[in-house]
Every structure is written in structure tokens, then in C-alpha cells.
Amino acid sequence: MTRYRQNPAIAAKRVDDDLFLVNPENDDIYFLNAIGAGVWNLLALPSTADELAATLAAAFPDMARDRLEADVARLVSDMAGRALILTGG
Amino acid sequence: MDLAFPEFGASVRFEGTESLIGELARLTYGWHRETAPVAAGSSADICVARTNGGFRIATPELWPEPEEYDNICDILAAFLADLIALGLARRTDWQTLHATGVEYGGGLLVFPARGRSGKTTLAVYFAACGWRVFADDVLPLVEGGRRGFGIGVMPRVRLPLAPASAPGARQWIDRRLGLANEACAYLALSGDELAPFGTTAPVVAVLVPARRKNASPVLEPLSRSEALRHLLREKMTSPAPAVQTLEIFGHLVETVPCYRLVYEDASMVPAMLRESLPVAIS
């Protein structure tokens with residue numbers, strides 16, 4: 001399974017419970033809601049999408065697991081595509 | 001005739017269009033321009049020339065091909081847009097928003113919104129109620145985003161004007177209609193009504209406009225995160241890196257009150273704010 005981790009070059013600014021990420025390579029600004037910000041925080045340590053989904057499922061037991069897994073997979077794929085997170089441990 | 005507009009870092013050549021310079025002066029307030037011949041072998045940043053049927057503007061840094069217009073109102077609107085765009089790309093001290101800016105008690109209310117959203121209409125009705133306008137479309141922020149910067153361009157309204165409920169508002173506008181064509185008109189505001197170029201004032205609130213059918217004007221709570229997303233969406237070209245932009249706009253939403261301004265009739269907004277703002281921004 002692919003492991004993801006934060007790209008250390010990314011700048012982050014928290015406002016309320018949300019997070020704004022900036023990739024200085026291309027000046028893209030990326031918005032994460034509270035749950036997305038949680039994923040980002042978890043990626044301070046290398047994690048797989050399954051591990052991220054499991055952690056979130058424990059924190060949000062009322063959320064459907066399959067929906068959570070799909071959302072996490074989509075989010076990490078998008079963030080990886082924008083080089084906000086890197087692959088490899 | 002070659003002119004330099006030092007605040008925008010741009011040179012302009014008027015070829016057979018020198019008569020536009022006087023018209024331009026009536027559409028701006030507090031602008032400086034200098035006669036400054038473009039060096040031989042160089043070209044001006046903007047060239048405004050005559051054609052058989054009208055005018056042609058060439059701004060190679062922005063557009064690969066010249067544009068042609070058949071009336072003075074449109075050529076000057078294009079000229080102002082290009083000159084300001086050049087300035088935005090060169091002014092490292094500006095972080096600029098698509099926004100209306102209106103003076104309130106020595107401070108500045110910022111209404112970030114995109115094109116055709118009614119920003120100019122709001123600005124004009126504020127002016128009609130005695131509030132000085134800083135901007136109806138392009139509002140630079142300076143000093144780390146703490147202050148708004150007036151660029152001294154007269155508001156340009158689309159015609160026909162929408163009906164207004166506030167008594168006397170339409171008549172006030174009609175008395176100030178200036179250079180116009182069938183689609184739009186510049187207003188001719190006085191120095192008390194439009195802040196001259198370079199005037200600054202501290203930002204005291206961010207009010208994100210939201211037009212809703214049949215809505216009476218009201219201020220609704222807006223999270224700082226949502227306000228920041230609006231500011232980032234309305235950010236205009238800047239030579240500053242995005243990290244700096246995020247810091248500046250982020251600091252702004254963390255230090256001034258942010259609201260959603262819901263309304264349908266812009267002419268009714270100033271009266272509502274006059275009542276609400278003393279509490280809303282206290």
C-alpha cells in the first residue's frame with residue numbers, strides 16, 4: 001500500500017477549524033475543511049489511505065465507513081496530484 | 001504624444017488620440033502623468049491609435065493582438081483596464097482585490113465580489129448617500145493588508161440602471177452621469193465623493209455581498225475561513241508569492257469583523273449599514 005506524508009515545503013495556515021495550504025512551487029492555494037485538515041495533520045507521520053480512514057472512522061463513528069474510505073482516497077489522490085503530499089515513508 | 005504614468009510603471013503612446021487625454025483626466029482623480037518620450041527603438045507599454053472607424057489599443061505585455069473599439073467610452077475603459085493590469089503586475093506593495101471599497105468613519109468597508117455581481121451599483125448608492133467611494137472594482141490593499149488604497153477611477157455603471165427604492169438615489173445618479181455609450185456610463189463624482197489616487201484608510205470590516213431575491217438588507221455572520229476563501233477568490237494579479245497573499249488576507253480576516261451582506265436592492269443597503277455597523281464593528 002502507498003504511504004503518504006506531508007510535503008515539508010508546503011506552508012499551512014489554520015483559520016477557524018479549516019486549513020489553507022500553499023505550494024510555493026506553483027503558488028496554488030488549497031483549502032481543507034476540518035476533516036481534510038485532520039487528514040493533513042495525520043500525514044505528519046507517513047500513513048496509507050486505509051490507515052487514515054481507520055483513524056477517521058474511530059473519530060467519527062457515525063460516518064459510513066465506505067463513504068469515508070472513498071472520500072479519503074479521493075482527497076489523498078488529489079493532494080498527491082498537487083504535490084501537497086509525497087509518497088513513500 | 002508619449003506619457004508616463006509613474007504610479008503604474010507604464011508608458012503610453014497616443015497616436016492621433018491626444019484628445020482622449022482630457023477625457024481620461026475626467027475619469028480619474030489624483031492621477032499623475034508626465035510627458036516622457038519613449039526611447040527610439042523601444043515601444044510604449046500601451047499604444048492608443050486612431051483607426052478609420054474608431055480606436056485601436058495595443059498592450060503587447062497583456063494581449064497578443066490589438067483590440068479595436070468604435071467609441072470613446074469603450075476605448076478608455078479598455079485603456080484603464082490595461083494600465084491598471086500593468087500596475088498590478090508591477091506594484092509589489094499592492095495586494096489587490098476585485099472589490100468595492102467605501103469609507104466609513106475614517107475606516108474602509110471592503111466588499112469583495114467578482115465582475116457583474118453588482119459591486120459598482122453598491123458603490124454608487126453609497127456615494128449617493130454621502131459615503132466616499134475608494135473603489136468600485138479594483139481595490140489594492142497596502143501595509144500588510146491593513147489599509148485600502150484608492151486608485152481614483154470614476155465608477156462605471158451599466159445601463160439601464162436598475163430601479164432603486166431609496167428616495168432620491170436615482171436622481172442623484174442621473175445628475176452625475178458622464179461619458180457614456182448605450183451600454184454603460186461613467187459617473188462624474190466630486191472629490192468628496194471619490195477618494196483621489198493614493199488615499200488610504202484602515203480596513204474596518206469585510207462584507208461579502210450576496211444578492212438574494214426579495215431579501216431586505218441584513219448582515220449575516222460569516223466565518224473567518226469563509227471570508228478568507230472569498231478574498232482569495234477575488235485576488236487579482238500580484239507579483240507577491242501566494243504565501244504572502246495568504247498571510248496578508250489571513251491576518252485581515254483575523255483582525256476585522258467579517259459578515260455576509262444579504263440584499264436585493266442596493267439602494268437600501270447604506271441605510272441598513274448606518275443602523276447596523278456601529279454594533280457590528282464595535
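These values consider heavy atoms only, across backbone and side chains, with no hydrogens, waters or symmetry-generated copies. Proteins come first, then strands; the chains are lettered A, B, ... in the order of their sequence lines, and each starts at number 1. Just so it is clear, the model here is predicted, and its values are computed rather than measured.
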Exercise for the section: Heavy-atom distances under 4.5 Å only: say whether A/Phe20 touches chain B with side chain, backbone, both or neither. Expected result: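 Its backbone and side chain both get close to chain B.
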
Got a list of the donor-acceptor pairs under 3.5 angstrom between chain B and chain A?
residue: B/Arg224; atom: N; partner: A/Asp16; partner atom: OD2; Å: 3.1
residue: B/Ser225; atom: N; partner: A/Asp16; partner atom: OD2; Å: 3.0
residue: B/Ser225; atom: OG; partner: A/Asp18; partner atom: OD2; Å: 2.5
residue: B/Ala242; atom: N; partner: A/Asp27; partner atom: OD1; Å: 3.2
residue: B/Ala242; atom: N; partner: A/Asp27; partner atom: OD2; Å: 3.3

Practice task
Would you check if B/Thr96 and B/Ile84 make a side-chain contact, meaning some heavy-atom pair closer than 4.5 Å?
Solution key: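 Heavy-atom side-chain distance check fails, nothing below 4.5 Å.
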
Handout entry: Contact origin within B/Leu232 toward chain A - heavy atom pairs under 4.5 Å
Key =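 Side chain of B/Leu232 only, per the 4.5 Å heavy-atom cut-off to chain A.
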
Which atom pair, heavy atoms only, marks the closest approach of [X] to [Y]?
| X | Y | result |
| --- | --- | --- |
| B/Leu139 | B/Ala99 | CB-O, 4.0 Å |
| B/Phe111 | B/Pro209 | CB-CG, 3.9 Å |
| B/Asp45 | B/Ser11 | OD2-N, 2.8 Å |

Practice task
Nearest 0.5 Å please: distance from the CD atom of B/Glu7 over to the CZ atom of B/Phe149.
Solution key: 7.0 Å

Exercise for the section: Hey, can you tell me if B/Phe197 and B/Trp94 have their rings parallel, tilted or perpendicular (30° and 60° cut-offs)? Expected result: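 The arrangement is tilted - the two ring planes meet at 30° to 60°.
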
Handout entry: Worked check of salt bridge (charged side-chain N to carboxylate O under 4.0 Å, His left out) between B/Asp137 and B/Lys119
Key = CA-CA 7 Å; B/Asp137 185 32; B/Lys119 289 194 305 295; 3.3 Å; yes

